[in-house]
Protein chains: 2
Amino acid sequence: MATPLFRRIDVAPAYQKVADAIEREIINGRIKPGEPIGTEQQLVEQFGVNRSTVREGIRVLEEGGLIRRDSSRRLQACLPRYNKLATRLSRALILHEVTFRELFETSMTLEVASVEGAVERATDENLAELAGNLARSAAVVGNPAGLAELDAEFHVLMAKASQNRVLQLAREPAAQLFFPTTEMIVGGVPEGGARLVEAHRHILDAIGRRDKEAGVLWTQRHLQDWRRGFEKIASLDRSVEHTYMEHAHAARQ
Amino acid sequence: MATPLFRRIDVAPAYQKVADAIEREIINGRIKPGEPIGTEQQLVEQFGVNRSTVREGIRVLEEGGLIRRDSSRRLQACLPRYNKLATRLSRALILHEVTFRELFETSMTLEVASVEGAVERATDENLAELAGNLARSAAVVGNPAGLAELDAEFHVLMAKASQNRVLQLAREPAAQLFFPTTEMIVGGVPEGGARLVEAHRHILDAIGRRDKEAGVLWTQRHLQDWRRGFEKIASLDRSVEHTYMEHAHAARQ
DNA sequence: ATATCTAGCTTTGTCGGACAAACAGATAAG
DNA sequence: CTTATCTGTTTGTCCGACAAAGCTAGATAT
């Protein structure tokens, strides 16, 4: 094959190239999180394209979480928030019609890994946060919605205590789909709330004592409890989407 | 405080509302993946906004993976690809300067979970795919770049064999950062390629025999091998970004 | 002199219209 | 029946414009 006479010409639309150019500057650290990107007019001048084109490129980066607008709507680079990206992944999981069995199995793996990390590396501040959450949980043990929210927070704090950001990120999409069901379960199972708080108490205690075995054991029990409760009201093999739809429907009645 | 006379009025910009409206239709299944969304002109008429506004909304959804343009650039709904979203997450991990220690610890957890699932639920087709990968790997054992690529594929296939889509998704961001280093390691450690292929062979064998213990053991050995190899060329506690930058720099010399 | 207010400038969000290139479908030629 | 051509659509990009919201600096009040 002879050397081609012409180089492959760029085929990407201009708005994409604008987005890529800004992305490169952020990824390789030339623009640091928090620093301003400039006004749309400045970008128009720098890239030599129309403002509409610049704005389309901005939308791409904004959705990707790489840039955001500050209080005065000016553009600035930012650290992509796990949470926002995880929300998109959760949505993708719903569309792929994953089942609660898949969700449960993966969450079991990730929560056990979280507690192991927390037992090894939790700081006093992590412990204080978890203790604070536990106290608030104990106070709302009869309120399924409030307790569900605090349960989700407890597990976020546990992942944070593991000091492993990759783990924090990996568990988030599943957790976003998994934990909302806590409300359904706690509300439907007598003593469910008390058992939940009790499990949290033992987990926190194990983390504080650096007792990995106990931490893992109580985390497993905690999730098995969830599973038993869930199976009383729905099937593990139904898709997440269908289960939520039905619950929303039942709640409206 | 008196009951407010007026409800809070919409504050979201029009392009966002366009994106949200289309997203809702896709999420709740009224528009199924593969179905057309309509032309930009039709959306202009339906939403009663300008085409520039519609296009900004489209960019948001396109970046989110909810819609794409087919061969003739027409809009259609689509299933968000894990891979694309995982790329965003990987990028986020780099910007958060996670270390290889975090990456390694989480990957160990997730790969072990994958192999456990694969041992339990791999189909004949899964086994055939893994066997095909193994044969190709054996053929390029002296080529670090080729072997690294096939190694990454082996682990993707293993996750696929677990039949757990949540797990497949959860492992992807870490894997995208983790496995590129295989090339560095295999290239730098004599016998590294042979050991890698040998480990894959034992893992596949264990999956085929439904021997969970052996599968987990060889997966752990496989990753520990990676870790030992990695520590010969870099520190586990350096950030992923720095390590890649240095490697890219060294490779150019 | 300090604090507050007001007017003007800037920037964003949206709009209308325009045009070239790429494309799909229909039509004509082989 | 295949190939080539024509024609209307659609996308990507551009230009210019304007109202609303934020910011800035000078004017005003205390």
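A note on names: the letters A, B, ... follow the listed sequences, proteins ahead of strands, and every chain is numbered from 1. Please read these numbers as outputs of a predicted model, since none were measured by experiment. Keep in mind that the numbers below use all heavy atoms, side chains included, and drop hydrogens, waters and symmetry copies.
Judged by distance alone, the side chains of T99(B) and E102(B) do bring a donor and an acceptor atom under 3.5 Å apart.
One finds no side-chain N or O of S52(A) lying less than 4.0 angstrom from the OP1 or OP2 phosphate oxygen of dC15(D). The phosphate of dT14(C) (OP1 or OP2) has no side-chain N or O of N50(B) nearer than 4.0 angstrom.
Contact detail for A77(B) and I26(B): the closest heavy-atom pair is CB-CD1, 3.9 Å.
We find that CZ of R68(A) is positioned 15 Å from P of dT12(C), with the value rounded to whole Å.
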Report the C-alpha distance between E56(B) and R59(B) in whole Å, list the side-chain angles of each, state the deciding distance to 0.1 Å, and finish with yes or no for salt bridge (charged side-chain N to carboxylate O under 4.0 Å, His left out).
CA-CA 5 Å; E56(B) 287 189 37; R59(B) 293 292 158 251; over 6 Å; no
side-chain hydrogen bond (donor to acceptor under 3.5 Å, both in side chains) between N50(B) and S52(B), worked out
CA-CA 5 Å; N50(B) 190 270; S52(B) 306; 3.2 Å; yes
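Put simply, CG on L167(B) and CD on E172(B) are 11.0 Å apart, with the number rounded to the nearest 0.5 Å.
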Set out, line by line, the N/O atom pairs under 3.5 Å between protein and nucleotides 10-12 of chain D.
residue, atom, partner, partner atom, Å
dT11(D), OP2, E40(B), N, 3.1
dG12(D), OP2, R55(B), NH1, 2.9
dG12(D), OP2, R59(B), NH2, 3.4
dG12(D), OP2, R69(B), NH1, 3.4
dG12(D), N7, R51(B), NH2, 3.3
dG12(D), O6, R51(B), NH2, 2.7

